[in-house]
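Here's the structure, in structure tokens; my notes come after.
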Amino acid sequence: MAILVTGGAGYIGSHTCVELLNQGFDIVVIDNFSNSKPEALERVKQLSKRRFKSYSMNILDSCGLDRIFQEHEIEAVIHFAGLKSVGESAKMPLQYYHNNLNGTLHLCRMMEKHNVRKLVFSSSATVYGHSEICPIKEHFPLTATNPYGRTKLMTEEVLRDLYQADSRWSIALLRYFNPVGAHKSGRIGEDPNGIPNNLMPYITQVAIGRQEKLTIFGDSYNTKDGTGVRDYIHVVDLARGHIKALEKIRNSTGVDAYNLGTGKGYSVLEMVAAFEQASGRNIPFSIADNRPGDVAVCYASPAKAKEILDWEAQIDIQEMCEDAWRWQLQNPNGYENEDNLVTLHARSANVI
Ligand code: NAD
Ligand code: UDP
């Protein structure tokens, strides 16, 4: 029996694949590489010293998905595949609804057809909208403030309906806070396309010289130093949360949401200071206006995940920065270096 990982070449997916393989799970990966590189999967294989099948495929390809469920004995699915840029989603909402929502519908229909009803879904803290109260608990009101967030919220609702209609389903909705950091080896990490939107990859690109300076969006919030506060969680802690969720859904039925965060909030300036200490590099910055749509403070209550999944984040902010820096330093251009390009060209187009 294997775990199907959609979007397994992506940032969180690749780290979760390593953890799954290290824990002895067999995996099958599908990814259309719309926001990732096949090289990430090569490195997952190197790190875990294990082989697995991976397919260059869109989750909207029903025939392709059908074939995968026929060819492999799939026990459960961890579903990362999706588009994730808030700004982009406002510019091309149809693409986001099609990819994220239709993609998940296609996947669930195929799971049903092949009697696979165990699913871990990548949701997001964005489903809490602009919560005024922190720490945020799972029962807080849900709302969306942009099309990306709406795809997550709508998918959560679809998955709840699925369980209502058929109580054999077992579904974990994992609401991630702010994933940062990279695998200790420095071999896999976050490799955003173009100019990063998120704080940590922006900082690491300033440190390596790919960006000139950091722009801090607002310093007059009602927070300890005026800059925005978030719950940064190490991507390996997050990956381990998926193993715990998988163990839970393997042995039960139902649909439940869990916050995956540390429960601690750090400001932008605190992150800059922690990163400077970890890297020994200076991060020049300037202050600009607030970014539209940003909240002042957002951090999780991770109590439910601790109680029910027996999971809690272990890695502190210093290590998050050290690991993010190691990845950036060893891979100044992400997965795109000359050696990788040679490997890529040599590889077959469809199945790697
Ligand atoms: P990512 O972009 O690195 O990974 C997503 C992967 O899915 C990519 O490899 C991409 O190529 C693939 N993909 C996208 N659409 C696909 C499709 N139709 N068919 C096949 N593959 C497809 O993103 P990530 O940061 O690893 O995020 C993984 C999931 O977690 C996403 O669903 C994202 O919305 C969610 N999430 C991420 C964050 C974050 O800050 N990174 C926070 C909350 C939730
Ligand atoms: N931020 C910033 N400059 C950047 C990117 C982000 O000041 O270039 C701030 C942002 O305003 C927020 C925090 O850093 O307070 C985290 O932003 P990110 O986009 O990483 O996560 P999100 O806001 O989606 O939680």
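Quick note: residue numbers are just sequence positions, from 1. In listed order, ligands and their atoms are each counted from 1.
Between Tyr232, Tyr266, Phe217, Phe177, it is Phe217 that holds the heavy atom closest to atom 4 (C) of ligand 2.
Using a distance-only test at 3.5 Å, with no hydrogens or angles considered, a donor-acceptor pair links the side chain of Ser122 to the main chain of His79.
Not one N or O of Ile30 is nearer than 3.5 Å to an N or O of ligand 1, by distance alone. Checked by distance only, ligand 1 and Phe177 stay at 3.5 Å or farther apart across all their nitrogen or oxygen atoms. At a 3.5 angstrom cut-off on N or O pairs, Leu60 does not count as close to ligand 1. For ligand 1, one of its N or O atoms has an N or O atom of Ser36 under 3.5 Å away. Backbone and side-chain nitrogen or oxygen atoms of Ala9 are examined, and none is located within less than 3.5 angstrom of a nitrogen or oxygen of ligand 1. Of the N or O atoms in Lys152, one or more lie within a sub-3.5 Å distance of an N or O in ligand 1. Note: an N/O pair closer than 3.5 Å links Tyr11 and ligand 1 by distance alone.
Linking Ile, Leu, Val, Met, Phe, Trp and Tyr residues whenever their side-chain heavy atoms come within less than 4.5 Å places Leu238 and Ile308 in a single cluster.
With respect to Lys304 and Asp256, a salt bridge is recorded, a charged nitrogen being found less than 4.0 Å from a carboxylate O.
Using a non-hydrogen distance threshold of 4.0 Å, Asn99 registers as a contact of ligand 1. Using a 4.0 Å heavy-atom cutoff, His79 is absent from the residues neighbouring ligand 1. Contact annotation: Ala40 has no heavy atom less than 4.0 Å from any atom of ligand 1.
Residue, atom and distance of the protein heavy atom nearest to atom 13 (N) of ligand 1 are Asn32 OD1, 3.4 Å.
Near Ser122, meaning under 4.0 Å from any of its heavy atoms, are these atoms of ligand 1: 29 (C), 30 (O), 32 (O), 35 (C).
When non-hydrogen atoms are compared, ligand 1 lies under 4.0 Å from the side chain of Tyr148 (C-beta onward) but not from its backbone.
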